[in-house]
Structure formats: C-alpha cells, structure tokens
Asker: 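I have a structure here, written as structure tokens, and I will follow up with some questions on it.
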Amino acid sequence: MNPHFLQTPLDYLKGIGPSRAKLLSSQLGLKTYQDLLHFFPNRYVDRSKFYKIASLQSTEAEVQIIGKITQIQKLGHQKGNRLVATFEDESGRMELVWFRGIKYIEEHLKLRTPYVVFGKLTSYAGTYSMPHPDMELLSTYEQSSHAGLQAIYPSTERLSKANLGNRFMMRCMQQLFSECGSSFSETLSKEILEHLKLLDRSIALYHIHFPKDTQMLARASARLKFEELFFIQLQLVRKNILRKKKIKGLPFHALGNYFNNFYSNHLPFELTNAQKRVIKEIRADVGSNAQMNRLLQGDVGSGKTIVAVMAILMAIDNGYQACLMAPTEILAQQHFQGVSELLRPLGLRVEILTGSVKKSARKPLLDSLKEGDIQVLIGTHALIEDPVIYKNLGLAIIDEQHRFGVAQRAKLWHKNALPPHILVMTATPIPRTLAMSVYGDLDLSVIDELPPGRKAIKTVWRSDQNRLKVFGFLKDEIAKGRQIYVVYPLINESEALDYKDLMDGYESISREFPMPQYQVSIVHGQMKADAKAYEMERFVKGETQIMVATTVIEVGVNVPNASVMLIESAERFGLSQLHQLRGRVGRGADQSFCILLSGNKVSKEGKTRLETMVATSDGFEIAEVDLKLRGPGDLMGTQQSGVLQLKIADILRDGDLLQKAREIAINLIKSDPELSKTNNKPILAAYLSLVKHKNIWNYIS
Ligand code: ADP
Ligand code: MG
C-alpha cells in the first residue's frame with residue numbers, strides 16, 4: 001500500500017462525497033483515509049446471538065431478533081410524529097419505533113418479509129419496543145460476512161440525525177479496506193514483533209474493525225496499543241537522550257571533603273537503601289557531562305530532605321552554589337532550619353530569601369550571594385526573581401514540584417551560562433505509568449521505602465454525630481503530651497463560605513478546649529506571613545497543643561510530636577490532599593492517628609475516597625485510585641492533559657504495555673540512535689511520517 005494514498009481526503013471514498021466528508025471532519029476530526037483507518041471502535045457488540053421476543057428480559061443491553069413486520073402506523077399528536085411498526089416472530093410481538101426520517105423509512109419498509117433487527121430495548125406497559133433499530137433483510141444479512149462481533153464507533157448526535165450512524169461507519173470501513181486492499185505498511189521491526197509476539201499491522205488493523213473473534217480482537221488491540229505507546233515513548237526517550245547530548249552540564253567530577261565528612265561523621269541516622277540508591281543515581285547524573293533533570297518521587301516522610309542535602313554537598317564540593325526552592329514561606333522556613341542544622345558542623349553559610357525578608361537585609365544578602373560567600377540559598381520563588389544573581393549556581397532543587405509552573409523552572413535555567421543541574425522533588429505519588437508519559441523526558445528516581453521504625457498511622461472514618469467522642473479522644477492524646485492538627489477544607493482561600501467554616505470551627509474548638517489548660521493555634525492563607533510563622537513556631541515548640549489550619553499545612557511541615565490529624569468535612573477533600581495531610585503525622589515514635597470526619601450524606605465518590613484512605617496508606621495505591629476517580633487530565637491539570645489523549649491505549653489499564661514500550665524504546669535508541677540499521681527501517685519511516693503529519697507529536701510537549 002502506497003502510504004501517500006492514505007493521505008487522500010475522505011471526499012474520495014465511495015459513499016462519502018463532499019458534504020458527508022465535511023460532517024465527518026467537523027464532528028469527528030476525520031479528514032483522510034488514514035484518519036478513518038485509525039478511527040477505532042470504542043466497543044463491540046456480540047451479534048452471534050439471536051433472541052426470541054417472548055424471552056426478552058432486560059431493557060439494558062442490545063439484542064438481535066429475527067422477525068417480520070405485520071403492520072405500520074403513524075402515531076402522535078399530529079399524525080406523523082412517530083412511526084410504529086409491529087414486529088413479530090413465532091413467539092410474540094413487539095414494536096419498532098422511529099422519530100426521525102419517517103417518510104424515507106415508511107417507503108422502504110417491507111411487510112411480511114424476514115428482517116434481522118438489532119438495537120436497545122425500552123419497555124412500556126408490558127410491550128417491548130426498539131427505537132431506531134439497526135435492520136437488515138435476513139436474505140442480505142445471510143449473504144454478508146457478519147461476524148459474531150460488531151464494532152461500535154464513537155458518534156455524535158449530529159451524525160445520527162444525518163443518518164450517518166454506526167451502519168454508515170461500518171460501510172465506510174468496508175469500502176476503505178476494499179480500496180486499500182487490506183495491506184498497510186509495517187511500523188515495527190521484525191525483532192519487536194517476534195519478541196512480543198505481536199500481530200502484523202495489517203492484520204491488526206483489519207481485526208480491530210472486523211474482529212473474527214474475541215481472541216483476535218484482543219491481539220489486534222494489544223498490537224495497536226503497543227504501537228501507539230511505543231512511538232510516544234520513542235519520542236520522549238529521544239528527546240531525553242538528545243538533551244543529554246546537546247545540553248552540557250556542569251561537571252561535578254569529584255566528591256570531596258564536605259560530602260565525605262558529612263557522610264562519615266554527621267549523618268543523623270542510617271540512610272535507607274532507597275535513599276542510598278537515589279543518591280547514587282544523582283551522583284551518576286551530576287558526574288556525567290550532561291545536565292541533570294531528575295524527578296525525585298517519595299511519599300511524605302520518606303526522607304527526601306537528606307537526599308537534597310547530599311546533592312547540595314556534591315555541588316559545594318565542586319565549587320558551586322546550590323539553592324532549594326519551596327512553594328510556601330512556612331516550608332521555606334522549615335527547610336532553612338532543617339538544612340542549616342544539618343550543615344552546621346560543616347561551617348557552610350546557608351541563608352534564606354523569601355518575600356518577607358526586609359529590604360535592608362536583602363541588599364547585603366544578595367551581595368554575598370553574588371560574591372559566592374553564601375553556599376546554600378533556601379527560599380520561595382523569590383529565589384528566581386530578577387535581582388537575584390548567583391556567583392555560580394550549580395544545583396537547583398525544587399521541592400513539591402506541582403506548585404511550580406514550567407515557566408518558573410525555565411527561569412532558573414537562564415540564570416547561568418550553563419544550566420544548573422535540576423532536581424525536582426515531589427511527594428505527590430504520580431503513578432508510574434503516568435509519570436512515564438508526562439515526565440517521560442525527565443529521569444525518575446523513587447524512594448519507595450520509609451525510614452525504619454515508623455508505626456502505621458491508624459485511620460478511621462467517623463460521622464459528625466461522633467464528634468464528642470472524637471473530642472474525648474483528642475483530650476486523652478493531649479494528656480499523653482501529644483499535639484493535634486485540625487484541618488478544614490478551604491478549597492478556595494478567598495471563598496467567604498469556607499472561611500466562615502474555618503472560623504466557626506476555631507471557635508468551637510476553643511470552647512471545647514478552653515484556656516489555660518489548652519492552647520490553640522490557627523494558621524490560614526489570609527494571615528500575614530510573619531503572623532503565620534509565629535503561630536507555626538508556637539506549635540513547633542510545643543507551646544500550643546492544637547493547630548487549627550487550612551490546607552496551608554498540607555506540604556512538608558514537620559512536627560514529630562504531632563500524632564493526630566483530624567480532618568473536618570473530609571468528604572470535600574481530594575484523595576491526594578487527604579494523603580498529604582495524613583502525612584503530617586506519624587513522624588515520631590508514637591502511635592499516630594488520622595480521623596476523617598464527614599457529614600451524613602457522602603457521595604459515592606466521596607465514599608470511595610474515604611474508604612481508600614482507611615484501607616491503605618500506600619501513596620502509589622492511593623494515586624491509582626485517584627487517577628481512576630478523576631481521570632488523568634484532571635490529575636495533571638489541563639496544561640498537560642493533552643499528553644493523554646490516546647487513540648486506543650488507556651493510561652490506566654495499559655500500564656504494563658507502557659512499561660514494555662518504554663523499555664523497548666530505550667534499548668532501541670541506545671543500540672541504534674539514528675534508527676539507521678536496516679532492521680529498524682520500518683520504525684524510522686513510521687517515526688518520520690508521524691512527525692511530518694503531526695499525528696502523534698502534537699500532543700507531546
Ligand atoms: P519528606 O520526604 O516528606 O520530605 P523528610 O525528609 O522531611 O521527608 O523526612 C521525614 C522525617 O524522617 C524527618 O524527621 C527525617 O529526619 C526522618 N528521616 C529521614 N530519613 C531517615 C532515615 N533514613 N532514618 C530515620 N529517619 C529518617
Ligand atoms: Mg519534604
């Protein structure tokens with residue numbers, strides 16, 4: 001098959017013509033033969049089975065019946081609103097109904113002639129009826145090669161109104177295959193086909209539209225899904241490798257005194273194996289001549305900070321500065337304290353820069369940074385604002401990446417002649433499959449092991465009626481010397497209603513836990529930064545026992561003595577948010593608890609979320625559920641959702657295939673970077689054609 005032929009506009013396909021082509025293009029985006037060929041069914045119906053009218057039961061599924069029309073009538077307020085045909089087989093009678101195209105249908109229906117009808121049933125007063133049946137004379141039905149499985153294509157109301165429903169789509173497909181001769185060029189190499197036992201492309205394309213049986217359908221679908229994922233991965237992997245070749249990185253050749261001294265003498269605890277592995281991965285990146293672009297995923301509490309510190313020491317050992325960026329002022333403050341403490345014995349200068357650093361203090365700080373007297377700068381996005389000039393920034397670490405935009409990352413990039421190495425840390429457990437498609441051009445490290453000795457957090461779901469009991473429990477915990485978070489949903493910090501919930505909550509907590517026996521802090525987004533910091537500080541020091549807060553405490557805050565997380569109106573939070581919040585406790589040696597309080601009426605989805613929280617504390621498992629509930633687009637934000645508009649593969653269900661596709665793409669590019677080997681010719685041709693026709697790449701980057 002000449003590949004150019006597939007670029008023919010659909011107008012030329014027999015049975016379509018200009019006006020139908022226009023509709024297909026505007027309704028389904030189908031413009032060429034090729035588009036049609038790759039327009040895949042979204043489901044299949046079993047047409048191997050025939051039903052008798054007397055034995056009809058369900059009104060849900062589609063059924064297929066053989067019978068004859070015995071009578072035709074126009075009914076409705078004004079005659080002609082609807083056309084009703086009485087349809088009989090030897091077991092009983094039912095109705096066929098049309099609301100549109102009545103005139104044409106009436107003229108063409110044949111009385112007392114056997115038909116095969118197919119469609120969904122409705123039932124009214126004991127009589128079944130089938131609106132707008134798909135029908136064919138039994139005689140022609142028997143001649144055509146009707147397989148057991150029939151493809152059902154996505155459609156629109158417009159199309160069915162124009163009588164361009166599934167039957168029309170099937171005719172187009174048949175015509176397409178007869179004009180194209182059922183032979184299409186292969187896009188994968190023999191090795192890959194054999195290795196994965198995949199169907200040839202032509203065979204797969206045929207059976208995706210006209211499956212012989214369920215087994216062939218499964219194989220056809222696997223082959224086409226693999227192909228789709230493979231070419232996306234090929235593109236991402238190539239981009240990654242090209243970047244490494246093209247973008248020179250700052251060479252951190254040696255580990256030196258700082259790193260070694262810290263490692264041997266000042267580590268506050270033994271590293272977990274996962275932490276060691278990730279540090280090695282980072283070491284390998286910065287030691288190569290390419291720029292590091294690594295995403296570090298680790299569940300809350302998995303110990304990403306120490307990994308960041310070790311990476312910072314690699315930079316300093318090689319004469320470079322490092323910066324660490326956090327999404328909020330509170331977090332920047334915590335990082336500053338934590339990192340300063342860790343690095344104190346090494347005599348390094350660590351400073352903090354946030355929006356609330358006073359002008360007078362800012363000037364000398366920026367001067368020292370420019371002189372290179374400051375080795376580590378920690379802060380919020382103030383770190384990348386214009387007046388900030390580094391002497392030689394070698395490493396930028398971004399914590400909690402989902403709060404930072406791509407543009408901000410790019411800004412960092414332009415601070416130097418050579419870009420600094422970049423380490424992005426996130427506690428949002430992105431399912432591996434999704435990470436691979438969205439961040440496929442970043443390298444991925446995962447800390448998949450919690451530090452030893454952590455007790456699992458006990459999570460319970462309680463309804464509002466149990467509030468008093470819950471408060472009693474909180475009092476017991478406080479009596480044991482523990483501290484408590486009480487979190488209110490503030491979906492939108494500016495929303496007055498949510499804000500009122502929070503203030504009411506604060507008041508009722510203050511009443512229930514009165515001074516002077518109890519001290520209650522409050523932190524929310526509408527407070528000034530220094531007031532927030534002050535309240536946080538009181539809680540961190542243990543001066544207050546209860547912290548009433550909104551989700552501003554969601555990320556990163558570390559108070560090991562806090563052992564209870566009470567979440568109000570928990571049904572209103574998203575899963576990943578609930579998980580993040582729960583991660584604030586369970587950081588010390590004591591048994592910790594997470595209490596999810598909800599109203600009585602919880603939606604089905606809300607139930608699933610709360611039940612998931614009770615059932616598991618595995619961040620990745622939670623992320624998978626979240627992904628299923630919300631869909632990938634929503635999870636990643638609209639900006640990246642385009643990445644996931646796949647034609648046939650499903651990012652949720654086809655994780656294994658995606659993994660395979662990625663591995664194979666990596667191996668391929670390693671062994672044949674230019675795809676110049678004879679064996680890989682089909683891959684190269686397909687790749688170039690996809691780039692040229694933008695069939696794939698328009699939803700990448
Ligand atoms: P996160 O990944 O959420 O940023 P942190 O780096 O804040 O986690 O670490 C959480 C807590 O675990 C901190 O108190 C830290 O000191 C402690 N921690 C980290 N790694 C280890 C380890 N290997 N052994 C014991 N405790 C550790
Ligand atoms: Mg952290």
Side-chain angles (χ1 to χ4, degrees), residues 262-264 266-282 294-313 323-345 352 378-380 397-404 423-430 444-457 483 485 536 539-540 542 551-563 565 576-590 592 594 617-620 622-623:
F262 184 81
Y263 194 84
S264 321
H266 302 294
L267 268 181
F269 36 68
E270 170 120 17
L271 296 176
T272 62
N273 286 329
Q275 285 169 324
K276 286 184 195 160
R277 186 187 64 234
V278 169
I279 290 169
K280 268 193 201 133
E281 286 166 351
I282 293 171
R294 189 167 280 279
L295 178 69
L296 171 56
Q297 272 193 45
D299 214 339
V300 276
S302 62
K304 295 185 290 297
T305 313
I306 196 78
V307 171
V309 164
M310 304 297 290
I312 287 171
L313 293 176
C323 72
L324 170 55
M325 223 173 5
T328 66
E329 182 112 16
I330 293 178
L331 265 179
Q333 200 68 44
Q334 281 223 335
H335 270 317
F336 173 63
Q337 279 159 9
V339 173
S340 303
E341 199 165 306
L342 284 168
L343 296 184
R344 189 160 300 131
I352 180 165
I378 293 173
T380 53
I397 300 175
I398 304 174
D399 196 11
E400 304 302 349
Q401 186 262 350
H402 56 295
R403 302 269 170 118
F404 272 102
L423 180 66
V424 173
M425 304 197 294
T426 177
T428 310
I430 305 162
L444 185 64
S445 287
V446 182
I447 304 186
D448 50 6
E449 179 187 358
L450 291 179
R454 292 271 167 85
K455 286 207 181 93
I457 301 165
Q483 287 167 285
Y485 293 104
M536 242 359 262
F539 188 68
V540 171
T551 47
V552 291
I553 62 150
E554 184 184 331
V555 268
V557 175
N558 192 16
V559 182
N561 191 48
S563 63
M565 168 63 66
S576 72
Q577 231 178 356
L578 289 172
H579 180 65
Q580 295 286 325
L581 285 170
R582 178 168 58 185
R584 298 305 109 219
V585 296
R587 302 191 152 216
D590 311 301
S592 290
C594 175
S617 55
D618 179 329
F620 286 92
I622 288 171

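Source: prediction; values computed, not measured. Just so you know, ligand 1 is whichever comes first in the structure, and atom 1 is the first atom listed for that ligand.
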Asker: Contact between Phe620 and Val446 at the side-chain level, heavy atoms closer than 4.5 Å - yes or no?
Answerer: yes
Asker: Polar contacts were defined as any N/O atom of the residue lying under 3.5 Å from an N/O atom of the ligand; does this apply to Gly298 and ligand 1?
Answerer: no
Asker: Would you mind listing which atoms of ligand 1 come within a distance below 4.0 Å of any non-hydrogen atom of Thr305?
Answerer: 4 (O), 5 (P), 6 (O), 7 (O)
Asker: Test side-chain contact (heavy atoms from CB on, under 4.5 Å) on Val309 and Phe262 and set out the steps.
Answerer: CA-CA 10 Å; Val309 164; Phe262 184 81; 4.1 Å; yes
Asker: Which atoms of ligand 1 are found less than 4.0 Å from any heavy atom of Glu270?
Answerer: 22 (C), 23 (N), 24 (N)
Asker: Keeping the roles fixed (side chain from Gln483, backbone from Phe539), state whether a donor-acceptor pair exists under 3.5 Å.
Answerer: yes
Asker: If we ignore hydrogens and angles and just use 3.5 Å, is the side chain of Arg277 paired with the main-chain N or O of Ser445 as donor and acceptor?
Answerer: no
Asker: I need the atoms of ligand 1 closer than 4.0 Å to a non-hydrogen atom of Arg587, numbered in the order shown.
Answerer: 3 (O), 7 (O)
Asker: Hey, which atoms in ligand 1 end up nearer than 4.0 Å to a heavy atom of Thr272?
Answerer: 23 (N)
Asker: Please work out whether any backbone atom (N, CA, C, O) or any side-chain heavy atom from C-beta onward of Met425 is under 4.0 Å from ligand 1, and answer side chain, backbone, both or neither.
Answerer: neither
Asker: Using distance alone, determine whether Gly301 and ligand 1 share an N or O pair under 3.5 Å.
Answerer: yes
Asker: Please answer whether the main-chain N or O of Gly303 pairs with a side-chain N or O of Gln275 as donor and acceptor at a distance below 3.5 Å.
Answerer: yes
Asker: Can you sort out which atoms of ligand 1 are near Leu271, meaning under 4.0 Å from one of its heavy atoms?
Answerer: 23 (N)
Asker: Are any of the side-chain heavy atoms of Val540 and Gln333 separated by less than 4.5 Å?
Answerer: no
